[in-house]
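In what follows, a single structure is set out as structure tokens and then discussed.
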2 protein chains.
Amino acid sequence: MSEMLPGTRIQRKNRRIILRAALEVFSRHGFRGSTVDQIAAEAGLSKPNVLYYFDSKEAIHETLLTDLLGTWIAPLREIDPAGDPQEEILAYVRRKVQMSRDFPCESRLFANEILQGAPRIEGFIRGELKTLVDEKARLIRAWAASGRINDLDPYHLIFSIWALTQHYADFDAQIRMLRDDDSEPLDGAEAHLLMLFRRLLAP
Amino acid sequence: MSEMLPGTRIQRKNRRIILRAALEVFSRHGFRGSTVDQIAAEAGLSKPNVLYYFDSKEAIHETLLTDLLGTWIAPLREIDPAGDPQEEILAYVRRKVQMSRDFPCESRLFANEILQGAPRIEGFIRGELKTLVDEKARLIRAWAASGRINDLDPYHLIFSIWALTQHYADFDAQIRMLRDDDSEPLDGAEAHLLMLFRRLLAP
DNA sequence: GTCTATAGTCTGATAGAC
DNA sequence: GTCTATCAGACTATAGAC
């Protein structure tokens, strides 16, 4: 958590500026495709100054990824076993749509990482994420067994939610080029996705 | 089309080997993140030899992208206005699943390009692809108006098909890490996706 | 056609003045 | 803390021997 690191107020502020700039750059070009120069320009600082606040380009990237993972996993964790099955899953879809709206760069940073084979977050995926996904998959299976939602493979259901919601952040460039109006694609998408999952989940 | 370029049999063969290797490398690390050294190693050739067959790293990447776009657009083009609406769309989903199965690297190459803002294929997307998508969107709207399928936004329907099918190629690394068995994720996915779209399209 | 050697450029990181 | 200057290594691309 970069907010809790020691340092003066100006130090913490500059670290935040650099992280924000680096997120913009890394999310577009990936780790290898990004340069410290680009990050510095985006942050409005000199290259040596960026490397004064972080030990290395790698350290900036690692900080971003680590900060991201907690945020990334939260919406799934919030699914409540005590709630109404259909409403809980639809609320999860809404939270994921909101994430694509509020954190498109974070979504692309994550996508870039997975596209590359997830070398830096393999531990997170096989550990924390897998434990949580397995737990929620058991919950969804139990809900299906009780007949309250359609009986479908819980893993493919979760993958479908990820695919559909993250697509609007990750493939944003393509979607905007294919649309005539300049309205936010996600506004129409939310209603579409909720309708889709309502139909899919109906017993 | 690289197959139609002039040259001896061995020249065409080496060009194919290089393109195959470059596809593997570019699809994982993006253009900037890939090196000619990596491509040469993957192809089993020396670095200068690779640059004997292609003018530059950029030229290899451009050849790959150009070759890809035709393949990429074909499944959508095949949707037949004269066919049964639901069956035509489900057949399209099947073709897209097959693409993720047969051409996962091509899918990731495309994803990498879009993530970066689609700088190299903006013309293709705004031109050829948009024309085709608009045409098929009108067709789907007409089908919905006739009451033969559920009335939904045709653009979001198409985006949903892209998101769900390509996810299994692009996020393959994550999906495999989250599964216990070593069966092909796409085998179960195809049945799941067909069920999903059958429910979504039902009038 | 394929190699070794290398030119020229870019990039990550550091030194040292202020 | 921030800058200019710069080094060391990696990278694309080419020259030239064979």
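Source: prediction; values computed, not measured. Throughout, protein chains are lettered first and strands after them, A, B, ... in sequence-line order, and every chain is numbered starting at 1.
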Using a cut-off of strictly less than 4.0 Å, decide whether A:Tyr52 has a side-chain nitrogen or oxygen near OP1 or OP2 of C:dA13.
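Checking C:dA13 against A:Tyr52, no side-chain N or O comes under 4.0 Å of OP1 or OP2.
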May I ask you to evaluate whether A:Thr8 reaches the phosphate of D:dG1, defined as a side-chain N or O under 4.0 Å from OP1 or OP2?
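Result: yes.
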Atom [atom1] of [X] to atom [atom2] of [N]: distance rounded to whole Å?
| X | N | atom1 | atom2 | answer |
| --- | --- | --- | --- | --- |
| B:His29 | D:dA10 | NE2 | P | 17 Å |
| A:His61 | C:dG12 | NE2 | C1' | 16 Å |
| A:Tyr53 | D:dC3 | OH | C1' | 13 Å |
| A:Ile60 | C:dT11 | CD1 | P | 15 Å |
| A:Arg15 | D:dG1 | CZ | P | 12 Å |
| A:Lys13 | D:dT2 | NZ | C1' | 14 Å |

Could you tell me, to 10°, how much the axis swings from one end of the helix from C:dG1-D:dC18 to C:dC18-D:dG1 to the other, five pairs per end?
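Taking the rotation axis at each end, their angle is 10°.
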Pick the closest DNA chain D nucleotide for A:Leu45 and for A:Arg32 by heavy atoms, then say which residue is nearer the 5' end.
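Going by which nucleotide is closer to the 5' end, it is A:Leu45.
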Set of ring pair (Phe, Tyr, Trp, His ring centres under 6.0 Å) partners for A:Phe110, sequence neighbours left out:
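Partners of A:Phe110 under the ring pair (Phe, Tyr, Trp, His ring centres under 6.0 Å) test: A:Trp72.
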If you only use heavy atoms from C-beta on, which nucleotide in [options] is closest to the side chain of [X]?
| X | options | value |
| --- | --- | --- |
| A:Ser46 | D:dG1, C:dG1, D:dT4 | D:dT4 |
| A:Asn14 | D:dT2, C:dT11, C:dG1 | D:dT2 |
| A:Asn49 | C:dT11, C:dC3, D:dC3 | D:dC3 |

When all nucleic acid strands are considered with a 4.0 Å heavy-atom cut-off, which category describes B:Phe54: base, sugar-phosphate, or nothing?
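No contact.
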Looking at A:Arg28 and A:Glu24, does any basic side-chain N land under 4.0 Å from a carboxylate oxygen?
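Looking at A:Arg28 and A:Glu24, the cut-off is not met.
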Enter the distance from A:Glu184:CD to A:Arg179:CZ here, rounded to the nearest 0.5 Å.
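The distance works out to 10.0 Å.
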Could you give the distance from CD1 (A:Ile125) to CD (B:Gln174), rounded to the nearest 0.5 Å?
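The CD atom of B:Gln174 is 5.0 Å from CD1 of A:Ile125, to the nearest 0.5 Å.
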Step by step, work out the side-chain contact (heavy atoms from CB on, under 4.5 Å) result for B:Arg120 and B:His61.
CA-CA 10 Å; B:Arg120 299 176 180 86; B:His61 191 258; 3.7 Å; yes
Under the ring-ring contact (aromatic ring centres under 6.0 Å, His included) rule, what pairs show up with a residue in residues 162-183 of chain B, not counting sequence neighbours?
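Qualifying pairs, neighbours excluded: A:His156-B:Tyr168, B:Phe159-B:Trp162, B:His167-B:Phe171.
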One pair to check against side-chain contact (heavy atoms from CB on, under 4.5 Å): B:Ile18 and B:Phe54. What are the steps and the verdict?
CA-CA 9 Å; B:Ile18 291 168; B:Phe54 289 88; 3.7 Å; yes
Please list, chain by chain and in numerical order, all residues satisfying salt bridge (charged side-chain N to carboxylate O under 4.0 Å, His left out) with B:Lys130, sequence neighbours excluded.
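By the salt bridge (charged side-chain N to carboxylate O under 4.0 Å, His left out) rule, B:Lys130 matches A:Asp180, B:Asp134.
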Applying salt bridge (charged side-chain N to carboxylate O under 4.0 Å, His left out), which residue pairs with at least one partner in residues 154-172 of chain B are found, sequence neighbours left out?
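Sorted pair list: B:Asp172-B:Arg176.
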Please list each protein N or O that sits under 3.5 Å from an N or O in nucleotides 13-18 of chain D, with the distance.
residue: D:dA13; atom: OP2; partner: B:Lys57; partner atom: N; Å: 2.8

